[in-house]
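Notes to accompany the following structure.
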Amino acid sequence: MVRSIYDFLEKSVLKFPEKLAFVDAFGSNFKSINYKEFNILSKKLASKIAKDLNDSYTQNSILILLPKSIDCLISFFGVSLSGNFYTLLDEKTPKERIEKVINILKPKLLITSKNLKFDFNLPTLYTEDFVNFDIDEALLEEVKERHIDTNLLYVFFTSGSTGVPKGVCISHKSVIDYTFWVCETFNLSEHEILANQAPFYFDNSILDIFSSVKVGATLHLLPNHLFAFPNKILSYLEEKKINMIFWVPSVLIYFANTNALKDFNLDLKKVLFCGEIMPNKQLNFWRKTLPNTEFFNLYGPTEITDVCSFHKVEREFKDEDILPIGKACKNTELLVFDENMNFISPKEVGIKGELYIRGTCLSLGYYNDSEKTKKAFIQNPLHNNYLDLLYKTGDIVAYNEFGELLCFGRKDNQIKYMGHRIELGEIESVINSHLEIKNTACIFKDEIICFYESKKELDLKTFLKDKLNAYMIPKRFIRLDSFKLNQNGKIDRIVLNEFI
Ligand code: AMP
């Protein structure tokens with residue numbers, strides 16, 4: 001029985017002790033580490049934490065302030081083996097945000113590097129000292145015995161609409177379940193060579209890290225700033241024979257727009273993406289350039305452990321079509337309700353409603369915030385016989401004729417204009433299909449305003465005339481040289497308001 005994500009590491013160490021677990025070709029400390037060395041350092045750190053902290057019968061929160069690195073991964077496994085849970089913020093997080101997180105989390109320990117010179121008046125362990133800690137096998141055994149799978153693994157902070165970050169609590173059980181699903185669905189083995197794009201504080205990285213460790217594969221870490229240079233990234237993928245990636249659509253869009261793909265001989269067998277709408281125009285470009293590669297659209301919010309639905313891209317899609325987010329992952333249920341909480345069945349093709357999720361993937365709520373938890377995690381409205389929680393995603397979806405879900409964007413991006421209900425995501429996907437357009441974001445401020453990224457000014461009103469209802473055509477179009485992206489690599493919609 002798998003009760004801890006550490007069990008995945010333990011098994012891979014036995015099978016592949018000398019195999020490279022992680023490669024950080026661009027980092028400042030380790031360049032690469034095999035499973036055996038990685039396990040030893042994780043156990044050293046876990047022993048030290050368990051010795052220093054485990055005097056209570058509740059788990060302790062541990063804050064990690066580190067850049068994406070092998071040290072960061074040792075910290076994740078070390079903390080979890082010690083019976084505690086982690087929150088990661090990277091080294092670029094503004095001080096004010098770190099303080100807000102500390103205020104909510106009240107961490108018992110900080111893990112960081114001496115070079116970063118953080119001072120938050122917390123008991124601190126430094127990565128530079130990991131190697132000097134002693135392994136205490138007896139203590140680790142005791143901690144492992146006590147561990148249960150509903151214990152927390154991590155708390156990831158997402159932005160909250162009120163300006164206070166929300167700490168999404170995720171248990172071992174959810175990550176174990178998700179990792180089993182990933183490895184089975186994508187048929188992963190020790191032969192996988194993955195290249196990680198997602199920052200480690202973003203839940204897409206969960207797939208990269210834990211699936212890779214479970215099957216004994218190798219994960220290459222790519223620093224976020226390097227993604228501004230597609231040629232550098234692509235030549236690395238070529239050189240290292242990377243055969244699987246799981247990236248955000250913004251990056252795939254950017255790479256398609258720069259047309260760099262054709263200059264490289266890539267070994268990619270599987271391309272997975274998640275996090276935002278993937279426009280078919282750029283996806284078609286990837287599909288045409290890599291005809292032997294499998295493409296998968298994955299969907300899910302942080303609150304359900306990264307992914308709850310997926311779609312294998314097999315049939316043809318027109319550039320302006322919306323790519324389905326597909327069907328539920330195994331052991332997960334997707335439920336759609338209209339605004340009066342009437343259930344919408346898969347037979348009701350085209351009827352829009354909000355998506356709710358049910359399953360082991362569900363977060364255990366927002367850390368230290370029962371009010372927000374109650375609003376987002378609700379009793380299944382189909383019965384009241386026992387506690388059966390659903391996560392309310394805020395995403396507007398509808399079934400297509402294949403029983404697949406289409407996602408039309410956020411409920412909070414849904415607007416009413418002259419009595420009509422409009423999804424801005426729907427407008428964006430049509431505009432994105434224009435050949436000259438690299439990316440689009442629409443916002444609503446008394447009227448629909450469209451920001452678009454292209455080399456020159458375009459006559460989009462004429463382009464849209466026969467594609468959208470008249471009331472859906474934006475009133476203003478603002479051309480940008482490029483969009484500013486937020487920390488997760490998505491379009492930063494907040495800064496767009498500054499242009500108006
Ligand atoms: P996050 O919690 O940052 O992962 O953001 C989750 C939100 O991103 C979801 O609620 C959706 O609005 C959006 N999202 C994630 N994956 C997809 C996808 N494949 N297609 C469309 N929207 C997505």
Side-chain angles (χ1 to χ4, degrees), residues 88 154-161 165-170 174 178 197-208 246-253 271-280 282-283 286 295-313 317 321-329 332 334-336 352-357 361-363 365-366 372 376-377 390-398 400 404-414 423-429 432 439-442 485-494:
L88 170 75
Y154 61 79
V155 175
F156 274 180
F157 279 81
T158 65
S159 70
S161 51
K166 288 191 293 196
V168 181
C169 301
I170 299 289
S174 300
Y178 176 47
Q197 171 268 319
F200 285 174
Y201 52 77
F202 180 37
D203 62 346
N204 278 8
S205 65
I206 296 302
L207 184 151
D208 290 344
F246 178 41
W247 291 358
V248 282
S250 286
V251 171
L252 298 180
I253 295 168
V271 173
L272 283 55
F273 42 89
C274 177
E276 56 194 340
I277 291 173
M278 178 74 209
N280 270 305
Q282 281 88 357
L283 180 58
W286 274 83
F295 292 88
F296 298 88
N297 184 22
L298 278 58
Y299 158 92
T302 308
E303 284 84 343
I304 55 80
T305 321
D306 198 20
V307 170
C308 55
S309 84
F310 78 114
H311 174 76
K312 182 172 182 184
V313 188
F317 288 97
D321 286 345
I322 292 180
L323 186 67
I325 57 168
K327 297 186 179 180
C329 304
T332 301
L334 311 180
L335 298 154
V336 186
K352 286 182 183 172
E354 183 175 351
L355 180 60
Y356 290 71
I357 317 290
C361 57
L362 244 64
S363 153
Y366 299 115
K372 283 200 181 112
F377 299 86
L390 307 184
Y391 173 65
K392 182 176 161 50
T393 65
D395 285 314
I396 302 298
V397 296
N400 65 12
E404 300 155 346
L405 284 170
L406 300 176
C407 181
F408 295 90
R410 300 283 312 159
K411 198 175 170 190
D412 30 27
N413 261 347
Q414 180 180 288
E423 298 298 338
L424 295 176
E426 200 173 336
I427 304 173
E428 289 166 5
S429 68
N432 263 328
N439 214 342
T440 312
C442 291
L485 302 181
N486 68 19
Q487 285 182 323
N488 294 342
K490 301 185 192 181
I491 291 176
D492 190 339
R493 285 165 194 269
I494 297 163

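Read the numbers this way: they start at 1 and go in the same order the structure lists the ligands and their atoms. Because only heavy atoms are used, hydrogens play no part in the values below, and waters and symmetry mates are left out as well, while side chains stay in.
Side-chain polar atoms of Glu404 and Asn400 form a donor-acceptor pair below 3.5 angstrom.
For ligand 1, the protein residues placed under 4.0 Å by at least one non-hydrogen atom are Phe202, Asp203, Cys274, Gly275, Glu276, Ile277, Asn297, Leu298, Tyr299, Gly300, Pro301, Thr302, Ile325, Asp395, Arg410, Lys490.
Closest approach of Ala441 to Arg493, counting heavy atoms only: CB-NH1, 3.8 Å.
Scanning for side-chain hydrogen bond (donor to acceptor under 3.5 Å, both in side chains) contacts around Ser429 gives an empty result, with sequence neighbours left out. With sequence neighbours excluded, no residue forms a side-chain hydrogen bond (donor to acceptor under 3.5 Å, both in side chains) with Asn204. When the side-chain hydrogen bond (donor to acceptor under 3.5 Å, both in side chains) test is applied to Asn486, no partner is found at least two apart in sequence or on another chain.
If you look at Phe377 and Tyr366, their ring centroids are closer than 6.0 Å.
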